[in-house]
2 protein chains.
Amino acid sequence: MPRNKVIFYLIENETHRKVSYKKRHIGFLKKAQELTTLCDIEIATIIYSPYSDEPKVFPNHGATINTFLKFK
Amino acid sequence: MPRNKVIFYLIENETHRKVSYKKRHIGFLKKAQELTTLCDIEIATIIYSPYSDEPKVFPNHGATINTFLKFK
DNA sequence: CTAACTATAATTAGTGT
DNA sequence: CACACTAATTATAGTTA
């Protein structure tokens, strides 16, 4: 079960790419939550992907809008 | 040199909090880059913190604005 | 398709310079 | 302050169910 080191280029196989996305987007949103909680900061994130109809957002729709509106 | 397990609550000590932020925001942006590169997706992220004058953004100013504009 | 498992890679808290 | 080190934790690729 050795795990290959990850090469940072597009995962060509569509199934592998989707599986990787489904794992990694959770890890990514978790990191956002941790950074927000541990430190005294404000994050907004939007993820568009072909793998879900709605974009994934952090921390939530309203707060994300507000954070982005501050950005010029 | 044992390392404590991280407790997910605000880091009270301001120096520790800043150091943690400076490490973690890099890790976070790296995860965003990886997710974008490995999978076929679009991310926009903004981080506001007391630790830098300008917000940190991914992938860049223009693309972040464009991604946000798609979000309603 | 989803979810659990687990060995290994990647991140990072604590420390030192 | 910034950067380097490294032990320990955390994330995840590959696999199995």
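Order of the sequence lines fixes the chain letters, A, B, ..., with proteins taken first and strands second; residue numbering starts at 1 for each chain. No hydrogens, no waters, no symmetry mates; every other heavy atom, side chains included, goes into these values.
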Worksheet item: Between A:Thr45 and B:Phe28, is a side chain to side chain contact (heavy atoms under 4.5 Å, CB included) present by the stated rule, with each step listed?
Response: CA-CA 11 Å; A:Thr45 305; B:Phe28 179 66; 3.9 Å; yes
In the structure I gave you, are the side-chain heavy atoms of [X] and [Y] within less than 4.5 Å of one another anywhere?
| X | Y | result |
| --- | --- | --- |
| A:Phe68 | A:Ile46 | yes |
| A:Phe58 | A:Thr36 | yes |
| B:Leu29 | B:Ile47 | yes |

Within the structure, does a side-chain N or O atom of [X] lie under 4.0 Å from either OP1 or OP2 of [N]?
| X | N | answer |
| --- | --- | --- |
| B:Lys31 | D:dA11 | no |
| B:Lys23 | C:dA13 | no |
| A:Ser20 | D:dA13 | yes |

Discussion item. Taking the six-membered ring for Trp, are A:Phe71 and B:His61 closer than 6.0 Å centroid to centroid?
Written reply: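 When the ring centroids of A:Phe71 and B:His61 are compared, they turn out to be within the sub-6.0 Å range.
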Could you check how far [atom1] of [X] sits from [atom2] of [N], rounded to whole Å?
| X | N | atom1 | atom2 | result |
| --- | --- | --- | --- | --- |
| A:His16 | D:dT15 | NE2 | P | 9 Å |
| B:Arg24 | D:dT9 | CZ | P | 14 Å |
| B:Tyr21 | C:dT12 | OH | P | 13 Å |
| A:Lys30 | C:dT12 | NZ | C1' | 14 Å |
| B:Asn13 | C:dA13 | CG | P | 13 Å |
| B:Arg17 | D:dC1 | CZ | P | 14 Å |
| B:Gln33 | C:dA10 | CD | C1' | 16 Å |
| B:Ile26 | C:dA13 | CD1 | P | 12 Å |

Worksheet entry | Minimum heavy-atom distance between A:Ile11 and A:His16, given as atom pair plus value |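 A:Ile11 and A:His16 have their closest heavy atoms at CG2-CB, 3.7 Å.
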Worksheet item: Watson-Crick or G-U wobble partner for D:dA4, using a 3.5 Å limit on both distances?
Response: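 Per the H-bond distance test, C:dT15.
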Worksheet item: Any salt bridge (Lys or Arg N to Asp or Glu O under 4.0 Å) pairs touching residues 38-67 of chain B, not counting sequence neighbours?
Response: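 Those involving residues 38-67 of chain B are B:Glu42-B:Lys70.
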Worksheet item: Can you list, by residue number, the residues of residues 34-57 of chain A that have a non-hydrogen atom closer than 4.0 angstrom to DNA chain C?
Response: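 Heavy-atom cutoff 4.0 Å gives no residues at all.
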